[in-house]
Amino acid sequence: MSQTLLVKHARVLVTMDDTRREIADGAVFVRGNVIEQVGSTESLPQEADEVIDAGGCVVLPGLVNTHHHMYQSLTRVIPGAQNGELFNWLQNLYPIWANLTPEMVEVSTLTAMTELMLSGCTTTSDHLYIYPSGCRLDHSIEAAQRIGMRFHAARGSMSVGQSKGGLPPDRVVEEEADILKDTQRLIETWHDPARHAMRRIVVAPCSPFSVSRDLMRESAAMARHYGVSLHTHLAESRTDIDYSREKFNMTPAQYAEDCGWVGHDVWHAHCVQLDDDGIALFARSGTGVAHCPCSNMRLASGIAPVRKMRDAGVPVGLGVDGSASNDSGHLLGEVRQAMLLQRVGFGPDAMTAREALEIATLGGAKVLNRDDIGALKPGMSADIVMFSLDQIGFAGALHDPVAALVFSTPSNVWCSIINGRVVVRDGRCTTVETGPLIERHQRLALQLAEAARSTT
């Protein structure tokens with residue numbers, strides 16, 4: 001008999017179901033790793049193997065992070081990369097990242113996932129595209145298994161170095177045959193296509209300015225052969241647009257279509273500079289977008305036209321992006337910034353608090369091509385997060401507790417459940433000791449920076 005779990009007495013239960021119900025004194029009953037019942041507390045079973053009283057909490061589906069580079073948590077606010085636009089920023093950081101080690105990939109993944117989990121995230125993608133010194137995507141996957149995060153591991157790659165007209169230094173790129181071989185290995189070893197899967201593999205060449213057209217096309221063919229998703233960066237900045245026009249005589253969206261990179265199984269990060277034709281293409285084809293507002297502001301890339309995208313029918317999710325272009329991995333904070341930035345760019349009614357939360361839940365699920373996460377309703381994965389309203393930042397804001405989560409200072413979760421397992425309790429992660437992890441991460445961050453200095 002599967003274990004049962006009952007979350008009851010939520011001040012407000014935000015279901016994100018088909019009618020977007022918000023249930024006062026709400027409850028969720030879970031059997032194993034799947035939600036069995038949702039409703040008012042009095043209407044659900046009163047007993048379970050574990051009972052969590054969520055009185056005073058807003059209870060939500062777990063948030064979904066659709067774009068990250070977790071290794072970059074080792075290079076937050078590093079001197080030399082605190083200013084500058086995308087290409088300049090990358091050129092300053094590539095020589096540092098060239099000294100990554102397997103231990104650094106493992107520890108940075110654990111650190112980034114801890115931060116995400118505490119911010120209300122239960123499913124995350126990560127785009128690892130640099131593999132020096134024996135680093136492998138397996139090191140991230142094994143870390144995710146240890147901490148208990150639902151994980152879409154994106155096998156990134158760079159194959160066009162500076163000598164071939166690309167942006168990255170030659171010493172951080174790989175041979176394309178090796179990239180495809182390792183990607184196939186990862187899919188065959190780790191990918192789980194089942195509903196409620198905790199682990200999926202994504203085919204993810206880094207960007208149009210760091211891989212060839214051939215690799216883009218062969219990657220798309222491989223992904224479709226195995227039935228896995230595709231992910232890359234696209235139309236992030238004006239320099240990105242200029243590169244695409246100069247090298248391919250196409251806009252980024254035209255290039256994506258030419259390479260077979262549109263469809264419900266594809267999502268692109270950023271798309272800040274996606275034009276009207278590109279938006280229409282993405283809407284027609286069901287191509288998704290990972291919106292990363294903090295990173296886009298940090299690098300002065302611009303304001304992604306999310307309002308226009310959603311009105312056209314483009315699937316949009318949220319991403320914190322790498323911690324070297326955001327310096328934070330707080331997904332609820334990203335929800336707030338998404339709402340505020342759309343208002344800065346397109347007016348005070350451009351995005352509501354509830355729409356921002358919808359993008360972070362249902363939107364992220366659709367972008368990742370999943371139908372089992374993003375909502376609290378029977379048959380969905382048991383990914384549930386609880387935010388306590390008994391905090392100074394919510395004082396005076398309880399006229400609308402759901403909107404308060406977005407408008408007020410972003411807070412951490414009180415409790416989080418992933419796949420039916422409690423991974424945060426009383427605001428503390430239960431699957432990793434954060435103190436020793438932070439100490440280890442700090443040591444490795446200093447070691448990485450020192451390695452870069454010694455090679456210059």
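Just so it is clear, the model here is predicted, and its values are computed rather than measured.
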Do the non-hydrogen side-chain atoms of [X] and [Y] ever get within less than 4.5 Å of each other?
X    : Y    : value
E175 : K181 : no
K164 : V173 : no
M16  : L376 : no

Does a donor on one side chain and an acceptor on the other come within less than 3.5 Å for [X] and [Y]?
X    : Y    : answer
H441 : S73  : yes
Q72  : N326 : no
S325 : S295 : yes
D126 : H152 : no
T114 : T111 : no
H231 : H67  : yes

Could you tell me whether Q145 atom CD has more than 12 heavy atoms of other residues or ligands within 6.0 Å of it? yes

D138/R185 salt bridge by N-O under 4.0 Å criterion: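 Yes, charged N to carboxylate O under 4.0 Å.
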
Could you tell me whether R136 and E174 make a salt bridge, using a distance below 4.0 angstrom between a side-chain N and a carboxylate O?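 Result for this pair is no, no salt bridge flagged.
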
Separation between CZ of F407 and CG of L340, rounded to the nearest 0.5 Å: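 If I round to the nearest 0.5 Å, the distance is 7.5 Å.
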
For the atom pair CG (D327) and CG (D321), what is the distance rounded to the nearest 0.5 Å? 10.5 Å

Pairs in or reaching into residues 173-218: which pass ring-ring contact (aromatic ring centres under 6.0 Å, His included), with residues at least two apart or in two chains?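 Every ring-ring contact (aromatic ring centres under 6.0 Å, His included) pair that includes a residue of residues 173-218, provided the two are not neighbours, is F87-F209.
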
Whether W97 and Y71 hold their rings parallel, tilted or perpendicular, with breakpoints at 30° and 60°: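 W97 and Y71: perpendicular rings.
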
Can you label the angle between the Y243 ring and the F248 ring as parallel, tilted or perpendicular, going by 30° and 60°? perpendicular

Non-neighbouring partners of T409 that pass side-chain contact (heavy atoms from CB on, under 4.5 Å), sequence neighbours left out: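 Partners of T409 by the side-chain contact (heavy atoms from CB on, under 4.5 Å) criterion come out as none, since no residue qualifies.
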
Nearest heavy-atom contact between A360 and L318 is CB-CD1, 3.9 Å

